[in-house]
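Indexing begins at 1, ligand by ligand and atom by atom, following the structure's order. The structure presented is a predicted model; accordingly, all values stated were derived computationally and were not measured.
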Amino acid sequence: RLRIAVLASGRGSNLQALIDARAAGVFDAEFAGVFSDRPDAVALQRAAGAGIPRQALRPVDFADRAAFDDAFFDAVAAVQPDLIVCAGYMRLIGERHVVRFADRMINIHPSLLPAHPGLHTHRRALEDGVRRHGASVHYVIPAVDAGPVLAQAAVDVRAGDTPDSLGERVLAREHVLLPACVALIAGGRLRYDGGRVVLDGAPLTRPLQ
Ligand code: GAR
């Protein structure tokens, strides 16, 4: 069984979606641990509720970013994950650790990448006047929000949308998208191989929808 580590900084609704999806039989895998850079993250309570081992490390307790990352990712590595899911993990991850876990770290990002990497994606999508917005799941590479996208879910932007109303519809799609991606990986259908996403033995030419 695939061992999954989840990294989360906040509310943890995507973690909850994964917990619920596993319980519903959407995928067969084991949660090896939930890791947070914030001891007060609701995600940790959700992990506790599901009986998943959890650990929080605070960046302020370390000399610098690299020292935090070293300790944080050593803790992650200690649970021997086959897959690391960044589900609302809001810190940049140092290149050393991205490389260390290359091919087994995915991230969910609230935009249709390559549009709107970074923060405040819903507000920026509205400012740009796009008609379609959404979420992407991608493999993590050293450049931020730039790794190969395996799947996306799109929503129509509506007249009168605010960042909150748009973000809420995107989030609902995230909660289906992320478990679906984990199911493909846990089922052995999808992997990251030599810089390419491979689905059922063939390179993926565009993101799954
Ligand atoms: C989600 O919308 C996720 O896509 C986004 O943060 C939210 C976390 O919500 N991630 C990023 O912006 C990564 N840069 P959650 O804690 O309820 O899952």
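- Tyr89 and Phe72 have their aromatic ring centers within a separation under 6.0 angstrom.
- Comparing Ser136, Ser9, Ala41, Pro110 against atom 11 (C) of ligand 1, the shortest heavy-atom distance belongs to Pro110.
- The protein atom (non-hydrogen) at minimum distance from atom 1 (C) of ligand 1 is Glu174 OE1, 3.2 Å.
- The main-chain N or O of His116 is found under 3.5 Å from a side-chain atom of His109 such that the two form a donor-acceptor pair.
- Annotation: Gly12 places an N or O atom under 3.5 Å from an N or O atom of ligand 1; distance criterion only.
- Looking only at atom types and distance, the side chain of Asp20 has no donor-acceptor partner in the side chain of His175 under 3.5 Å away.
- Under the 6.0 Å distance and 45° angle rule, Arg91 counts as a cation-pi partner of Phe68.
- Nearest protein heavy-atom neighbour of atom 15 (P) of ligand 1: Ser13 N, 3.4 Å.
- The nearest heavy-atom contact from the protein to atom 13 (C) of ligand 1 is Met90 SD, 3.8 Å.
- In terms of protein heavy-atom proximity, atom 6 (O) of ligand 1 is nearest to Gly88 CA, 3.9 Å.
- The main-chain N or O of Ser111 is found under 3.5 Å from a side-chain atom of Ser136 such that the two form a donor-acceptor pair.
- Considering backbone and side-chain atoms alike, Tyr89 places every N or O at 3.5 Å or more from each N or O of ligand 1.
- Here the protein heavy atom with the shortest distance to atom 7 (C) of ligand 1 is Arg11 NH2, 4.0 Å.
- Between the side chains of Asn107 and His138, at least one donor N or O sits under 3.5 Å from an acceptor N or O.
- Ligand 1 lies nowhere less than 4.0 angstrom from a heavy atom belonging to Ala8.
- Residue His122 holds its NE2 atom at 10.0 Å from CD of Glu168, rounded to the nearest 0.5 Å.
- Checking only distances, Asn14 does come within under 3.5 Å of ligand 1, N or O to N or O.
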